[in-house]
Amino acid sequence: MNVQLNPAPVTPVLQATQISKLYGENQGFHCLDIDLYPGEVLAVVGESGSGKTTLLKALSGRLPPQTGQVIYASDEQDIISLYDSSEAKLRQLSRTEFGIVHQHPLDGLRPYISAGGNIGEPLMASGNRHFGDIREQASQWLNAVEIDPCRIDDLPIHFSGGMQQRLQIARNLVTHPKVVFMDEPTGGLDVSVQAKLLDLIRQLVKRLNLAVIIVTHDLAVARLLAHRIMVMRQGQVVETGLTDRVLDDPQHAYTQLLVASVLQQ
Ligand SMILES: Nc1ncnc2c1ncn2[C@@H]1O[C@H](COP(=O)(O)OP(=O)(O)OP(=O)(O)O)[C@@H](O)[C@H]1O
């Protein structure tokens, strides 16, 4: 006889309850609930100005919401309410547990320190003092993001946009964060560079079992990377569900419009 055991319940690694942040009427987002599970990629899509970037900042501990709370659970024993934590704790979380990939890579890099230094700096900030080890890890990460390790002493400003974005990703992942927040990581790159970068992100997410929230206006990016999609409009979630379901069978009129507009392109 086969006995079916119920799988152990999985705790969300990040859980937001009833969070709001409004700069003015319809400027920001209102009363959102979000659960993000380990290894899950959630895409946040929607019209410009619908509050996606504001939401990402609130979820990553960079912008206190006006209502609600954001809970980070590194494991079932270690549960932290972000905005009830001290500044020092938030800084520590953002150094070690969270990664933040900005749309413009130079916003997330130190342009005037070497590529190796950019990767080594978060390691040093989290306590690693062994220069040889740091350099070795930097070299391995350059390799992992498909930058020739012989460029380790070059400055990021001398890299192409695609290389800078890959370097930003390496800088973020070197400390093995559990949750990575990405804001339009392929925006502004040309199509072939985008495709290569998406492929790399997909591989790394899988290999490192990362939980990711990715803001994108590009449904193709969401289709390729995300398990789930959340569609936002005017600061509200109008639809959420498994990626294929939302894109192949959109229920809300706005999602239908969004999907139809891509098909027409
Ligand atoms: N620091 C701020 N002060 C005042 N208003 C802001 C601030 N940041 C964002 N807003 C406003 O909040 C609203 C949501 O902005 P947000 O950047 O979150 O939208 P978005 O969905 O990410 O847009 P896009 O896709 O164009 O990047 C916009 O109306 C914006 O003008």
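Values below: every heavy atom of this structure, side chains too, minus hydrogens, waters and symmetry copies. Counting starts at 1 for both ligands and their atoms, following the listed order.
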**Student:** Using a 4.0 angstrom limit on heavy atoms, which residues are close to ligand 1?
**Tutor:**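 Within 4.0 Å of ligand 1, the protein residues are Tyr23, Gln27, Gly28, Glu47, Ser48, Gly49, Ser50, Gly51, Lys52, Thr53, Thr54.
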
**Student:** For the residue pair His30 / Gln236, report whether a side-chain donor-acceptor contact shorter than 3.5 Å exists.
**Tutor:**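 No.
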
**Student:** Please list all pairs meeting side chain to side chain donor-acceptor pair (under 3.5 Å) that have one or both residues in residues 32-46, counting only residues at least two apart or in different chains.
**Tutor:**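 Listed by first then second residue: Gln15-Asp35, Gln18-Asp33, Glu40-Arg228.
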
**Student:** So, Ser126 and Thr96: side-chain donor and acceptor under 3.5 Å apart, yes or no?
**Tutor:**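 Absent: no donor and acceptor within the cut-off.
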
**Student:** Under 3.5 Å, is there a donor on one side chain and an acceptor on the other for Gln140 and Gln137?
**Tutor:**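 Absent: no donor and acceptor within the cut-off.
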
**Student:** Provide the closest heavy-atom pair for Tyr254 versus Met232 in the form atom of the first, atom of the second, distance.
**Tutor:**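 Taking every non-hydrogen atom into account, CE2-O, 3.7 Å.
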
**Student:** Applying the side chain to side chain contact (heavy atoms under 4.5 Å, CB included) criterion to Leu63, which one of Leu55, Thr53, Thr54 satisfies it?
**Tutor:**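 Per the side chain to side chain contact (heavy atoms under 4.5 Å, CB included) rule, the option paired with Leu63 is Thr54, out of Leu55, Thr53, Thr54.
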
